[in-house]
Amino acid sequence: MQKMNRRQAFRRTAAVGALASLLPAPALMAGTNANEKINIAGIGIGWRGGDHLNAFKNMDGVNLCAFADPDESRLLAAKSRVPDAATYRDMRKIFDDPSIDAVYIATCNHWHCLASVWAMQAGKHVYVEKPLSHSQWEGDQVVKASRKYNVICQVGTQQRSDPMQAEIKKFLHEEKALGEIKSCAVNRYGIRRSIGKRDTPLEIPANVDYNLWLGPAQDEPLYRSQFHYDWHWDWNTGSGEMGNWGVHVLDDTINNVLLDKVAYPKRILGGGIRTWDDAGESPNVHFVWFDTGSIPVVLGLSNLQDGPKSKSAGKCTGPSSGYCVYCEGGMFWGERGRGKAVDKDGNLIREFRGNSGGGHQRNFIDAVRAHDRSIQTAEVELHNQVVAWCNFANIAFQVGKPYDQKKAEVIFGKTEGRWEELLANTDALLVNNGLSLNNPEVKLSDMLTYDESAGRFTGDGADAANALLKREYREGFVLPEEV
């Protein structure tokens with residue numbers, strides 16, 4: 001019998017994808033042999049995409065062979081670094097190339113899911129930047145596609161590949177060095193400036209194919225000061241700071257504190273405010289309570305400085321970008337690349353040091369070569385659950401109503417954990433900026449209840465919240481119901 005080459009083996013794998021997806025991950029057919037290079041293409045070559053370029057370009061066993069970006073200037077910059085690579089404005093040219101095994105996707109948030117599904121339909125393995133989804137339904141579609149087409153899909157929450165995380169989990173849960181965990185506060189306090197507000201629409205740069213840049217997003221005039229990056233704060237294309245940094249600190253919490261045992265929060269209470277009169281839409285002060293069914297979790301997020309003359313962000317317990325675990329015997333502070341445990345008197349018990357480096361991209365390539373989802377550190381189904389917490393937090397703000405102190409007191413009586421402390425810190429931050437929680441522009445949601453089995457909200461506020469689980473797609477860039 002003639003021996004199949006890798007391309008033939010992969011086509012056969014795809015043909016039996018529906019059956020293979022029912023098998024344990026180690027039983028999946030191997031996609032490559034150990035001596036054959038994996039051809040990978042980059043989609044989106046901005047700041048984060050450039051980081052991936054560096055990681056994959058210098059990786060053994062990998063051939064970085066093509067790039068796609070609607071910005072011609074970014075393509076030229078990538079070409080100067082990888083001269084032999086092909087370049088395209090339209091990512092679909094990459095999907096049409098049968099020689100390409102995998103792609104990394106570092107586009108704007110609104111493109112992540114459609115690009116991932118298109119790639120999987122073409123038989124490509126996918127490394128996609130966080131947050132996976134712009135709305136929860138489309139993330140569910142990516143998970144379905146990964147199973148249907150039997151491909152590897154890794155999401156770019158790179159701290160998952162830091163060996164330090166395993167040490168933290170052992171310390172907190174196996175050794176129980178601080179006793180039982182009582183609650184957790186998640187923080188992201190980092191100063192950003194206003195994105196500005198123009199009187200006339202921003203002129204799209206001549207080097208950008210705007211139709212391709214928009215993709216699934218609606219064609220709306222832009223009134224911000226700059227074209228790139230500040231799309232984060234526009235609901236049409238971005239997920240605010242919650243999807244930018246909130247996803248990282250929540251991911252660490254779900255991993256290390258909840259041990260990935262809580263797929264979705266059972267109830268969500270959230271509020272916030274936009275304090276800037278600029279072109280942004282997402283809140284720059286955001287406060288959220290999550291009912292996990294076990295350890296209560298709160299999240300505070302702010303882009304404000306702690307007063308007009310201050311050089312620091314708002315007050316919080318624990319790191320300004322990380323999480324604080326309140327335990328019987330003290331506290332644990334976790335953040336990117338490090339952590340520490342202190343006793344009740346604040347005495348240092350232990351410090352942790354870590355660094356994921358390029359390990360996350362390497363983990364993706366290892367999983368592709370073995371065609372084994374079980375060795376991934378951020379497999380798409382897991383991250384789709386993690387990003388739901390961010391999507392739900394954003395929904396809570398979007399459906400929020402003007403803050404009502406009396407109604408708030410009734411709702412607060414149903415919460416546990418550090419909620420009151422978070423509100424006190426948030427109020428102090430707002431007061432230092434000439435505002436307060438009682439400002440009429442502060443919004444607070446109903447207590448939103450999520451039914452995991454139905455994938456829908458129920459009860460108070462459900463209709464408005466459910467309407468935000470799926471976005472409207474632009475003609476020609478519609479994510480299909482059947483992937």
Side-chain angles (χ1 to χ4, degrees), residues 168-169 171-173 176 178-189 242 246-272 285-302 314-319 321-335 339 341-342 344 385-397 400 407-427 437 444-452 457-461 465:
I168 292 171
K169 286 184 279 191
F171 176 81
L172 289 174
H173 299 278
K176 291 188 179 293
L178 295 174
E180 293 297 323
I181 297 173
K182 297 298 184 182
S183 62
C184 182
V186 188
N187 307 315
R188 174 56 193 178
Y189 293 88
M242 189 63 67
V247 65
H248 281 303
V249 291
L250 273 169
D251 182 66
D252 278 344
T253 301
I254 294 166
N255 182 15
N256 294 335
V257 182
L258 301 176
L259 297 177
D260 292 325
K261 293 180 179 179
V262 181
Y264 303 94
K266 301 177 183 304
R267 295 182 297 162
I268 307 97
L269 176 62
V285 177
H286 204 165
F287 45 93
V288 191
W289 176 82
F290 297 103
D291 176 9
T292 71
S294 56
I295 300 166
V297 173
V298 299
L299 183 150
L301 178 155
S302 171
K315 176 186 175 183
C316 63
T317 302
S321 184
Y323 58 102
C324 180
V325 189
Y326 295 81
C327 305
E328 288 178 319
M331 291 190 295
F332 176 81
W333 293 15
E335 54 189 314
V342 298
K344 287 184 175 181
Q385 294 167 354
V386 170
V387 78
W389 296 55
C390 299
N391 289 335
F392 295 171
N394 279 335
I395 287 173
F397 172 78
K407 180 180 179 181
E409 288 175 357
V410 173
I411 297 176
F412 297 164
K414 302 177 183 179
T415 64
E416 299 173 310
R418 317 302 299 191
W419 180 242
E420 290 187 11
E421 179 183 73
L422 171 59
L423 289 181
N425 288 340
T426 302
D427 191 51
L437 276 177
L444 181 69
S445 72
D446 291 316
M447 182 70 79
L448 301 176
T449 301
Y450 185 70
D451 183 343
E452 180 179 338
F457 292 97
T458 61
D460 292 344

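Below, each value reflects all heavy atoms present in this structure, side chains not excepted, and no hydrogens, waters or symmetry copies.
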* Before giving the answer on side-chain contact (heavy atoms from CB on, under 4.5 Å), spell out for Asp291 and Met447 the whole-Å C-alpha distance, their side-chain angles and the decisive distance to 0.1 Å. => CA-CA 10 Å; Asp291 176 9; Met447 182 70 79; over 6 Å; no

* With Ser294, which residues qualify under side-chain hydrogen bond (donor to acceptor under 3.5 Å, both in side chains), at least two apart? -> Thr292

* Asked: In Å, rounded to the nearest 0.5 Å, how long is the span from SG of Cys184 to CG of Leu299?
  -> 9.5 Å

* With rounding to the nearest 0.5 Å, note down the distance linking CG in Asn425 to CZ in Arg418. => 10.0 Å

* Could you tell me whether a side-chain N or O of Trp389 sits under 3.5 Å from a main-chain N or O of Ala263, the two making a donor and an acceptor? => yes

* Could you give the distance from CG (Leu250) to CE (Met242), rounded to the nearest 0.5 Å? -> 6.5 Å

* To do: Go through the structure and list residues passing side chain to side chain contact (heavy atoms under 4.5 Å, CB included) with Glu335, not counting sequence neighbours.
  => Pro319, Arg338

* Heavy-atom distance under 4.5 Å between the side chains of Leu178 and Phe332, does that happen here? -> yes

* Inter-residue atom distance Ile268.CD1 - Asn391.CG, 0.5 Å rounding -> 11.0 Å

* Asked: Would you say Lys266 has more than 12 foreign heavy atoms packed within less than 6.0 Å of its NZ?
  -> no

* To do: Under the side-chain hydrogen bond (donor to acceptor under 3.5 Å, both in side chains) rule, collect the residues that match up with Asn187, sequence neighbours excluded.
  => none

* Asked: Backbone N or O of Ala393 within a donor-acceptor pair of the His286 side chain at under 3.5 Å?
  -> yes

* Going through the checks in order, is the side-chain contact (heavy atoms from CB on, under 4.5 Å) test met by Val297 and Val186? -> CA-CA 7 Å; Val297 173; Val186 188; 3.7 Å; yes

* When rounded to the nearest 0.5 angstrom, what is the spacing between CG in Leu444 and CG in Leu437? -> 9.0 Å

* So which heavy atom on Val247 is nearest to which on Val386, and how close? -> O-CG1, 4.4 Å

* Ser321 side chain to Arg188 side chain, donor-acceptor N/O pair below 3.5 angstrom -> yes

* Which value, rounded to the nearest 0.5 Å, describes the distance between Ile168 atom CD1 and His173 atom NE2? -> 10.0 Å

* What pair of heavy atoms forms the shortest contact from Trp289 to Arg267, and how long is it? -> CH2-NH2, 3.4 Å

* Asked: Going through the checks in order, is the ring-ring contact (aromatic ring centres under 6.0 Å, His included) test met by Phe392 and Phe290?
  -> CA-CA 10 Å; Phe392 295 171; Phe290 297 103; 8.7 Å; no

* Asked: What heavy-atom pair brings Ala465 and Phe457 nearest, and what distance separates the two atoms?
  -> CB-CD1, 3.5 Å

* Minimal non-hydrogen separation, Gly271 against Phe397, with atom names -> C-CD1, 4.3 Å

* Asked: For the residue pair Pro265 and Tyr450, what are the closest heavy atoms and their distance?
  -> O-CB, 3.7 Å

* **Residues Ile254, Val262; criterion side-chain contact (heavy atoms from CB on, under 4.5 Å); working and verdict** => CA-CA 7 Å; Ile254 294 166; Val262 181; over 6 Å; no

* Please answer whether the main-chain N or O of Gly270 pairs with a side-chain N or O of Ser445 as donor and acceptor at a distance below 3.5 Å. => yes

* Asked: Can you name the nearest heavy-atom pair linking Leu448 to Ala396, along with the distance?
  -> CD1-CA, 4.0 Å

Pairs under 3.5 angstrom only: tabulate donor-acceptor contacts from the side chains of residues 322-331 to other protein residues two or more places apart or in another chain.
residue : atom : partner : partner atom : Å
Tyr323  : OH   : Asn256  : ND2          : 3.0
Tyr326  : OH   : Glu421  : OE1          : 3.0
Glu328  : OE1  : Glu180  : N            : 2.9

* Structure fact -> By side chain to side chain contact (heavy atoms under 4.5 Å, CB included), Asp451 pairs with (sequence neighbours left out) Ser453, Ala454, Thr458

* To do: Please identify each residue that fulfils side-chain hydrogen bond (donor to acceptor under 3.5 Å, both in side chains) with Ser183, with sequence neighbours left out.
  => none

* Asked: Is it the case that more than 12 heavy atoms not belonging to Lys344 sit under 6.0 Å from its NZ atom?
  -> no

* To do: Might you work through the side-chain contact (heavy atoms from CB on, under 4.5 Å) test for Leu269 and Val288, ending with a clear yes or no?
  => CA-CA 6 Å; Leu269 176 62; Val288 191; over 6 Å; no

